[in-house]
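We count ligands from 1, going down the list as the structure has it; atoms in each ligand are counted the same way.
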Amino acid sequence: RRSVLAMSAVASALPLISRTAFAADKPVFRLSTPASDTDQRSVALMEKFAPGIADFATFEPHWNATLFKQGTELEAIARGNLEMAITSAQELAVFLPEFSIFSAGYVHKDAAHQVKVFSDPFMEPLKQKVEDELGVKLLAVMYLGRRQLNLRASKEERTVMTPADLKGVTLRMPGTDAWQFLGKALGANPVPMAFTEIYTGLQTGAIDGQDNPLPTVVDAKFYEVTKQICLTSHLVDLNYLAISKKAFDALTSDQQAALQKAGDDAAEFGRQNQLKKEDELVAFLKEKGLDIYEPDLPAFRDHVQKMFLESEFAAAWPAGMLDKINALAS
Ligand code: KDO
């Protein structure tokens with residue numbers, strides 16, 4: 001009797017053992033990003049994405065560009081050295097120039113417009129190209145916010161109403177051509193610098209200013225070393241939650257669906273929180289003593305749009321795509 005019991009104990013333990021072995025073998029999805037752990041995209045990933053995939057994979061984020069330098073993540077995924085990133089259209093445009101359409105100022109109108117554009121069938125060939133050429137799958141569009149000009153000078157020292165008022169201003173922009181061109185289109189003198197170096201750059205005066213959405217200005221404490229924010233809203237900025245296609249393809253179809261849902265849930269959660277923060281933080285920044293004001297928006301929009309349309313970037317945009325994007329704006 002004992003031996004029968006023992007036998008059945010062994011038998012029932014077997015699937016358990018193999019399950020345990022499988023659990024120990026769960027793939028680890030490392031994500032590298034310059035974002036801090038308190039950035040709303042990061043919070044959303046921890047609260048929605050990590051638990052959504054926990055049954056079959058381990059999410060291992062590396063914040064503040066501690067694993068890969070800003071801008072090197074796509075190549076790291078392509079080479080098989082990294083599984084996930086929060087990439088940008090500007091970084092994708094380095095490899096696939098058509099993505100520069102999303103780096104042009106005043107193209108996306110708001111967060112909802114970004115979602116409509118990302119989900120539209122006209123994005124399919126672009127997403128496919130990213131998979132085929134970089135081995136990267138774009139899972140979801142994440143909302144970063146409306147980028148604003150944030151300068152060391154007070155409004156009294158420099159009032160910015162039109163692009164001409166930015167003449168000679170050393171403006172830190174992220175380090176790719178599409179980003180640098182946006183700085184130029186704003187009328188400034190753009191310089192490349194990694195996100196993690198901005199605070200010191202502002203503090204020492206190596207740069208006169210930087211551009212980022214209000215939640216980032218607060219999260220990274222740029223308000224401590226700047227005196228004004230000019231609400232140009234020149235780019236309704238997005239990021240793509242990206243995963244290695246190889247890592248994705250190794251999952252079962254149920255796991256892939258669960259991972260996609262976790263990505264969508266994280267993007268939506270982060271979007272809502274970021275939108276709320278964008279609204280709330282004007283008061284916080286004013287309290288901190290910053291001048292916050294709107295410039296002549298048509299002057300900025302016309303200048304930026306004209307420069308992009310006349311640039312070599314626009315030559316790479318798929319025919320008719322800008323009209324299709326504009327048609328999706330409500
Ligand atoms: C930045 O470097 O200014 C930027 O805002 C660019 C974005 O694409 C994004 O990568 C972001 O930095 C980082 O995630 C840090 O918030």
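When each atom of ligand 1 is checked for a heavy atom of Asp39 under 4.0 Å away, the hits are 16 (O). Taking every heavy atom of Arg41 and a limit of under 4.0 angstrom, the matching atoms of ligand 1 come to 9 (C), 13 (C), 14 (O), 15 (C), 16 (O). Within the listing of ligand 1, atoms 5 (O), 7 (C) sit less than 4.0 angstrom from a heavy atom of Leu144. In summary, the atoms of ligand 1 found under 4.0 Å from a heavy atom of Ala35, numbered by their order in the structure, are 14 (O), 15 (C). For ligand 1, the atoms sitting less than 4.0 Å from at least one non-hydrogen atom of Ser88 are 8 (O), numbered in the order shown with element in parentheses.
Gln272 and Glu268 share a side-chain donor-acceptor pair at under 3.5 Å. Neither side chain, Asp296 nor Thr162, offers a donor N or O lying under 3.5 Å from an acceptor on the other. Counted by atom type alone, Gln305 and His303 present zero donor-acceptor pairs between their side chains at under 3.5 Å.
Of all the heavy atoms of Asn212, the ones lying under 4.0 Å from any atom of ligand 1 belong exclusively to the side chain.
Ligand 1 is never approached by Glu91 to a heavy-atom distance shorter than 4.0 Å. The shell of residues lying under 4.0 angstrom from ligand 1, judged by heavy atoms, includes Gln70.
For the pair Lys26 and Phe56, the cation-pi test (distance below 6.0 Å, angle within 45°) is failed. Cation-pi check for Lys127 over Phe118 is met; the charged atom lies under 6.0 angstrom from the ring centroid and within 45 degrees of its normal.
A donor-acceptor pair is defined here as one N or O able to donate and one able to accept, closer than 3.5 Å; no such pair exists between the side chain of Gln40 and the backbone of Gly270.
For atom 8 (O) of ligand 1, the nearest non-hydrogen atom of the protein is Asn239 ND2, 3.2 Å.
Rounded to the nearest 0.5 angstrom, Thr33 OG1 and Glu73 CD are separated by 6.5 Å.
The heavy atom nearest to atom 3 (O) of ligand 1, considering only Gln210, Arg172, Glu73, Met173, is found in Arg172.
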